[in-house]
Protein chains: 2
Amino acid sequence: MRADAQRNYDRIVEAASEAVARDGAEASLEEIARRAGVGSATLHRHFPNRWALMGAVFHGRTEELCERAGELESVPDPHEALVTWLRELAAYSATARGLAAVLLAEPLQQSESCGAMLVTAGEKLRLRAVEAGTVRPDVSIADLLTLVNAIALAAEKTGPAEAERLVSLAMDGISARPLRR
Amino acid sequence: MRADAQRNYDRIVEAASEAVARDGAEASLEEIARRAGVGSATLHRHFPNRWALMGAVFHGRTEELCERAGELESVPDPHEALVTWLRELAAYSATARGLAAVLLAEPLQQSESCGAMLVTAGEKLRLRAVEAGTVRPDVSIADLLTLVNAIALAAEKTGPAEAERLVSLAMDGISARPLRR
DNA sequence: ACAATAAGTGGGGTGGCACCCCGCTTCTGC
DNA sequence: GCAGAAGCGGGGTGCCACCCCACTTATTGT
């Protein structure tokens, strides 16, 4: 990649980050290009569609979340580690407007994508919890991520606190029965 | 309302129903107007924004779901009644592309809205389950509907079966502990 | 240092969209 | 059957995503 192309790429991602923070994932691509100081054609050449751009925008944050998953592997209680991570993921998704939509929209299998990164990071936490016997083995990491993303998407209007509450609710279940762990 | 205005209203809703079934809630309003045989201005006069139209489209179906809630009140097991209703709601929302998005988008309190109808219908089922002691009293009907709609939205691509599975999952919780009901 | 060339750029075009204005048509109460 | 109001829709505006192609710029070999 040529040096100037790299510079434009970075400028676009930076402008897109600001735009997404302000307007959500539906931000105008034209305006992003304008603010990045490039033509709209340049934006469309680097990112063939909106999701590709959003993927780049959220890539950094996704890496942080994956690192956080790594940290949580050293938490003694595997169940707590998993639930904590899922709650943090929900809280961040609910704040960074559009991340949840991007994660749900993009095919989860495709490597290099944000979704794939989260799958591999989260799978370790899930497996540890299953081995500890606190999580049903028939629940896949894809199930958990879909559930959490769904909640984050729904809670985008009501805020991260509500998102975390709903995640806790879904993890524990709605039934009034004593917790036996 | 004048007779011709009523006729146009009905035509628009019918065309919109077809369009939504095909393209989801993001269907082109212009095309809906075209297929209804009216000018786009007429559509915009009857429905000031997209959600107003979607509300009208889903009104009939929402009524059916409310009736279904009424039927389920006579099911002996209150917990089963509630979960069955929520699962059916999720399955329908996942099929009728866009219903979930509409329900999440519109303010839940506003009367006459689809959301409000579902709240009053579902609240009875929830209350019965709480009184039977099978559902935690701190879980509101709004929580449940948000959760179910979120799942339906996320499962729009994967189909109603997956939506039902995730609802069941959220209702029971992910933990590997014996069901004590 | 510089020319050849491949890579990258952006102004401007296209078609589609939501939404609005306003002169015209059609219904309705009397 | 008529006056006035209620409703209508063609056409306009401004915004958008996305594309084409003549031009500019970085790189590479000498």
Side-chain angles (χ1 to χ4, degrees), chain A residues 1-58 97-99 101-107 113 157, chain B residues 1-58 97-99 101-107 113 157:
Chain A
M1 194 181 221
R2 249 167 60 169
D4 54 345
Q6 181 69 53
R7 205 181 55 236
N8 279 337
Y9 182 99
D10 293 341
R11 277 186 187 170
I12 290 168
V13 172
E14 195 188 329
S17 298
E18 290 168 16
V20 166
R22 196 176 52 251
D23 304 328
E26 302 302 310
S28 158
L29 299 186
E30 295 278 311
E31 198 190 321
I32 289 171
R34 229 176 294 131
R35 295 214 180 214
V38 303
S40 70
T42 301
L43 187 150
H44 284 284
R45 195 168 334 96
H46 281 295
F47 306 97
N49 56 55
R50 165 167 245 114
W51 296 338
L53 176 56
M54 294 303 147
V57 167
F58 292 123
R97 304 176 47 180
L99 210 206
V102 168
L103 290 176
L104 285 175
E106 75 180 359
S113 71
K157 283 165 194 67
Chain B
M1 193 180 219
R2 247 167 63 171
D4 54 347
Q6 180 70 54
R7 204 181 55 236
N8 280 335
Y9 182 100
D10 293 342
R11 276 186 187 168
I12 290 168
V13 171
E14 195 188 330
S17 299
E18 288 167 18
V20 165
R22 195 176 52 250
D23 305 326
E26 302 302 308
S28 157
L29 299 186
E30 296 278 312
E31 198 190 321
I32 289 171
R34 231 176 293 130
R35 296 214 181 213
V38 303
S40 70
T42 300
L43 186 151
H44 285 284
R45 197 170 329 100
H46 281 296
F47 306 98
N49 56 56
R50 168 168 241 112
W51 296 338
L53 176 55
M54 293 303 149
V57 166
F58 293 123
R97 303 176 48 179
L99 209 206
V102 168
L103 290 177
L104 285 175
E106 75 179 358
S113 71
K157 286 168 192 64

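As a basis for the values below, the full set of heavy atoms in this structure was taken, side chains included, without hydrogen atoms, waters or symmetry mates. The chains referred to below are lettered A, B, ... by the order of the sequence lines, with proteins before strands, and numbering in each begins at 1.
Base contact: B:Arg45 has a heavy atom under 4.0 Å from a base atom. If you check every strand for non-hydrogen atoms under 4.0 Å, A:Arg7 touches nothing. When heavy atoms are screened at a 4.0 angstrom cut-off, B:Ala41 is found touching base atoms of the nucleic acid. Residue contacts for B:Ala33: at a heavy-atom cut-off of 4.0 Å it reaches no nucleic acid atom on any strand shown. Here B:Thr42 lies in heavy-atom contact (under 4.0 Å) with a base.
In this structure, A:Glu14 places its CD atom where only 12 or fewer heavy-atom neighbours from other residues, nucleotides or ligands lie under 6.0 Å away. Heavy-atom neighbours of A:Arg35 CZ from other residues, nucleotides or ligands within 6.0 Å: at or below the threshold of 12.
For B:Asn8 and C:dT25, the CG to P distance is 17 Å, given to the nearest whole Å. Atoms CD (A:Glu30) and C1' (D:dA17) sit 7 Å apart, rounded to a whole Å. Between the P atom of D:dC16 and the CG atom of A:Leu43 lies a distance of 13 Å, rounded to the nearest Å. Across the protein-nucleic acid pair, B:His44 atom NE2 and D:dG7 atom P stand 18 Å apart, rounded to whole Å. Between B:Arg34 atom CZ and D:dG11 atom C1' there is a gap of 14 Å when expressed in whole angstrom units. Spacing between atom CD of B:Gln6 and atom C1' of C:dT28 amounts to 16 Å, rounded to whole angstrom units. Residue B:Asp23 contributes atom CG, which lies 15 Å from atom P of C:dG16 at whole-angstrom precision. Between the P atom of D:dC18 and the CZ atom of A:Phe47 lies a distance of 13 Å, rounded to the nearest Å.
Of the two residues contacting DNA chain C, namely B:Ser28 and A:Asp4, the nearest-nucleotide position lying further toward the 5' end is that of A:Asp4. For the pair A:Ala27 and A:Met1, both in contact range of DNA chain D, the more 5′-proximal nearest nucleotide belongs to A:Ala27.
Partner of A:Phe47 under the side chain to side chain contact (heavy atoms under 4.5 Å, CB included) criterion, out of A:Ile12, A:Leu29, A:Thr42: A:Ile12 alone. Screening B:Val38, B:Asp23, B:Val13, B:Leu43 against B:Ile32 for a side chain to side chain contact (heavy atoms under 4.5 Å, CB included) leaves a single residue, B:Leu43.
Atom CD in B:Gln6 sits 8.5 Å away from atom NE2 in B:His46 (nearest 0.5 Å). One distance of note links OG of B:Ser17 with CE of B:Met54; it measures 9.0 Å at 0.5 Å rounding.
Nearest nucleotide to the B:Ser40 side chain, out of D:dC16, D:dG11, C:dC27: D:dG11. The A:Val38 side chain lies nearest to C:dG10 when the options are C:dA18, D:dG7, C:dG10. Taking only side-chain atoms of B:Leu29, from C-beta outward, the nucleotide of D:dC18, C:dC19, C:dC17 with the closest atom is C:dC19.
In terms of polar N and O atoms assigned as donor or acceptor, the side chain of B:Arg2 never comes within less than 3.5 Å of the base of C:dT28 in a complementary pairing.
Here the side chains of A:Arg11 and A:Asn8 are in contact, with some heavy-atom distance below 4.5 Å. With contacts defined as side-chain heavy-atom distances shorter than 4.5 Å, the pair A:Asp4/A:Arg7 qualifies.
Listed pair B:His46 / D:dC8 meets the phosphate criterion, a side-chain N or O lying under 4.0 Å from OP1 or OP2.
Contacts between residues 11-20 of chain B and DNA chain C, counted as heavy-atom distances below 4.0 Å, involve no residue at all.
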